[in-house]
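Order of appearance sets the numbers: ligands from 1, and atoms from 1 within every ligand.
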Amino acid sequence: MRKGDTGAGPSPLTALPTPVAPVADLAREHRPGLTDDPEWYRTAVFYEVLLRAFGDSRGSGTGDLRGLIDRLDYLQWLGVDCLWLPPFFPSPLRDGGYDVSDFTAVAPEYGTLEDFEELMQQAHARGIRVIIDLVMNHTSDQHPWFQSSRSNPDGPYGDFYVWSDDNTRYPDARVIFVDTETSNWTFDPVRRQYFWHRFFSHQPDLNFENPAVREAMFDVVRFWCRIGVDGFRLDAVPYLFEEDGTNCENLPRTHRYLREVRALVDREFPGTIMLAEANQWPEDVVEYYGTESVPECHMCFHFPVMPRIYYALREQRASAIKEILADTPDIPVGAQWGTFLRNHDELTLEMVSTEERAAMYGWYAEDPRMRANVGIRRRLAPLLGNSRAEIELAHALLLSLPGSPTLYYGDEIGMGDNIWLPDRDAVRTPMQWTPDRNAGFSTADPGKLYLPVVQSLVNHYAAINVEAQIAQPTSLLHWVRGILEVRRQHPVFGNGSYIPVQVDNEAILAFKRTNAQETILCVFNLANTARSTTVELPRHAGASVTDVFGGARFPAVGADGTVTLTLGSRDFFWLLVSRPSIHGDEAPMTGLPAHVPPAEDAGRDGEAVSPSQPQRPETYVVPSAPHAGSAPRVPELPGFEPTTAHGFTQPGQADRAADRAVTGSGSGATGYGGAAAGQGGPGPAVDRDMGDHGTGDSGAGDGGAGAGGTVAVAGTLGQPRSFTGGQPAPVAGALSPGSAGPAQRRTDPSAATPES
Ligand code: NOJ
């Protein structure tokens with residue numbers, strides 16, 4: 001990049017670029033709580049936790065590392081395998097910490113590097129891995145590199161950023177933060193040149209053409225690997241390089257650099273994973289996996305499937321999800337998709353068509369304050385009108401579609417949002433632990449909190465909190481914990497092939513997940529009224545069908561290779577199809593590695609069990625105050641205790657065991673057989689139909705479909721469900737197509753399975 005006159009005199013450099021401090025290697029092989037499986041991420045459940053939002057150990061009003069350490073027992077109890085920590089580095093916090101001013105330090109408000117090391121050790125001891133954000137693309141304008149670059153163009157950092165004398169270059173690069181930015185160039189009055197930025201104008205992009213920048217980022221990777229992190233979420237990774245005549249996204253040189261990063265971690269810190277945040281179409285994202293012989297990332301978030309889950313729920317048709325999965329190319333052996341329902345950003349609508357986007361704004365963001373950039377800044381529960389049935393259905397999809405799921409903190413209790421806060425702070429409020437002051441998050445004066453706790457009419461923290469949900473066996477929290485347990489018993493959800501299955505009802509989504517051990521048929525009713533459908537399983541004629549939650553036997557697949565199922569409103573089944581195909585299995589169709597771990601010597605997640613692997617606790621008691629180390633415990637809160645009333649039924653277990661004995665599909669130490677035997681009791685507790693919690697189903701949740709009243713009907717298993725009658729919601733208040741982002745639909749909407 002060109003360098004110009006300095007113009008104004010250099011501004012004083014407050015701090016010189018941070019030398020990468022020598023940090024003792026935390027021996028990567030000395031991690032007693034963890035399994036040895038190098039592909040652990042393929043069967044893992046991730047949990048995104050904002051340090052600032054989780055637990056305040058010091059009464060400062062801001063969450064911190066010790067506060068998170070204090071809450072690790074909860075996360076272990078919940079059953080997550082890996083934490084994703086967004087940036088906790090020194091930062092002016094004008095972009096939630098993604099505006100980094102020092103890549104190799106911990107922001108003082110969160111604690112110290114020693115605290116971070118302790119977090120790693122304590123998490124690992126509980127069998128939980130930790131990945132952190134690596135913000136490669138840009139820094140804060142307060143980073144010493146930028147301060148030096150703007151004031152001393154001929155100095156060592158003069159070429160660390162992308163400078164230009166005018167603001168006309170790269171005109172085809174879109175503006176991403178359309179709410180706040182009008183250009184990717186901003187004039188710097190100190191250097192008297194424009195600098196390039198893909199995000200906020202206080203976040204200059206690093207110049208990856210400069211070998212010193214590439215080396216500096218390698219050193220950042222080394223720094224955190226030496227501390228023992230298990231991987232990196234690569235923030236904003238498509239934008240590292242720029243090139244004239246392109247849209248400056250997904251460029252070959254970006255891929256080349258990522259391959260170098262991968263080679264570095266494989267060589268120096270084997271086992272460290274790379275997870276790409278590339279909000280792109282599947283055919284572009286798969287490039288971020290590289291190839292088996294020259295790999296890039298282990299995982300990539302699958303952005304386009306996420307909004308289609310929400311779209312399908314309101315459209316009450318399965319086609320959007322089916323089509324995007326059909327459009328998803330295969331990925332290399334050992335790679336994995338990352339799926340999610342929500343995260344710390346707006347629910348991005350960049351990867352849907354103009355029409356779909358307009359519909360989703362109408363359905364999900366009726367108040368303009370709910371919109372941000374090209375997306376919707378709301379949390380899962382309020383998005384779904386606090387409908388328990390829809391929240392369960394969305395989770396069941398998340399946990400069975402191809403990929404490793406990431407949960408967003410608080411969504412497991414149905415936490416609300418606060419659309420009156422600016423930007424994406426709407427979905428970044430403190431975790432709600434108890435009905436006490438500051439929701440048990442902090443002992444600070446409430447006015448001192450980094451953000452207020454949610455006190456909305458419907459989602460007030462006094463009603464929606466961990467303590468209350470632990471005390472209530474039918475809570476969403478217990479349901480989520482239970483379904484995670486069921487997923488854990490079936491590694492096929494992580495490592496199996498995805499095979500779409502033909503049905504005769506457009507509201508029904510059906511697919512199989514298959515590996516060498518088992519086949520699970522997943523069937524979802526996306527409609528808010530009951531549906532019956534005939535599922536075609538031509539290669540499983542005569543196979544028995546068993547519900548994985550309760551063990552109940554369903555009618556077997558007929559001799560004609562079909563089975564007819566009836567599902568209540570927003571209902572779903574995960575069904576073990578227990579006799580292997582007699583004609584050989586279908587070929588996997590989309591994006592799924594064929595690799596399946598061996599059944600022998602396998603334990604949880606099909607992994608080799610290290611002798612000291614920790615057990616998940618059966619109970620968790622919320623500390624009464626989140627003070628580090630010495631939190632008094634509430635003595636007699638009812639914890640989670642599996643009972644036959646909320647768990648597998650004994651008859652179901654008998655059926656299942658008999659089934660496996662007959663088919664010989666059990667692996668002894670893994671999957672059903674191993675888990676059931678290992679539990680030795682009633683098994684993991686998942687009551688598929690616990691009824692509604694708290695606010696219950698809300699007619700409003702159906703986006704204005706309320707032509708019909710709310711009517712209680714018998715659910716599939718005899719519990720009350722409610723539904724709103726009428727047709728799919730009209731597109732009320734939809735934005736004009738003129739506000740469209742870059743993406744357009746790439747599949748034919750008319751290709752949907754016709755309604756029977
Ligand atoms: C993606 C992050 O998820 C988002 O929060 C951030 O604003 C941008 N990258 C810019 O760093």
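Taking the six-membered ring where the residue is Trp, Phe146 and Trp163 present parallel rings, their angle staying beneath 30° rather than reaching 60°. Ring geometry for His143 against Phe103 counts as tilted: the plane angle lies between 30° and 60°, on a 0 to 90° scale.
At least one heavy atom of Phe177 sits less than 4.0 Å from an atom of ligand 1. Remark: distances from the non-hydrogen atoms of Glu346 to ligand 1 are all 4.0 Å or more. Contact between Arg424 and ligand 1 is present, with at least one heavy atom of the residue lying under 4.0 Å from the ligand. For the pair Arg233 and ligand 1, a heavy-atom separation below 4.0 Å is found.
In this structure, atom 3 (O) of ligand 1 lies nearest to the protein heavy atom Asp345 OD2, 2.4 Å. Looking only at heavy atoms of the protein, atom 1 (C) of ligand 1 is closest to Asp235 OD1, 2.8 Å. The nearest protein atom to atom 11 (O) of ligand 1, hydrogens excluded, is given as His138 NE2, 2.8 Å; this is a heavy-atom distance. Of all protein heavy atoms, the one lying nearest to atom 10 (C) of ligand 1 is Asp95 OD2, 3.4 Å.
A donor-acceptor pair shorter than 3.5 Å cannot be found between the side chains of Asn250 and Glu287.
Looking at Arg198, its side chain does come within 3.5 Å of a backbone N or O of Arg174 through a donor-acceptor pair.
Short contacts between ligand 1 and Arg428, defined as distances under 4.0 Å to a heavy atom of the residue, involve ligand atoms 5 (O). Within ligand 1, the atoms closer than 4.0 Å to a non-hydrogen atom of Glu277 are 1 (C), 3 (O), numbered from 1 in the order shown.
A distance of 6.0 Å or more separates the ring centres of Tyr98 and Phe200.
Tyr409 carries Arg379 over the face of its six-membered ring, with the cationic atom under 6.0 Å from the centre and within 45° of the normal.
Note on Arg314 versus Glu390: salt bridge recorded, some NZ/NE/NH1/NH2 to OD/OE distance being below 4.0 Å.
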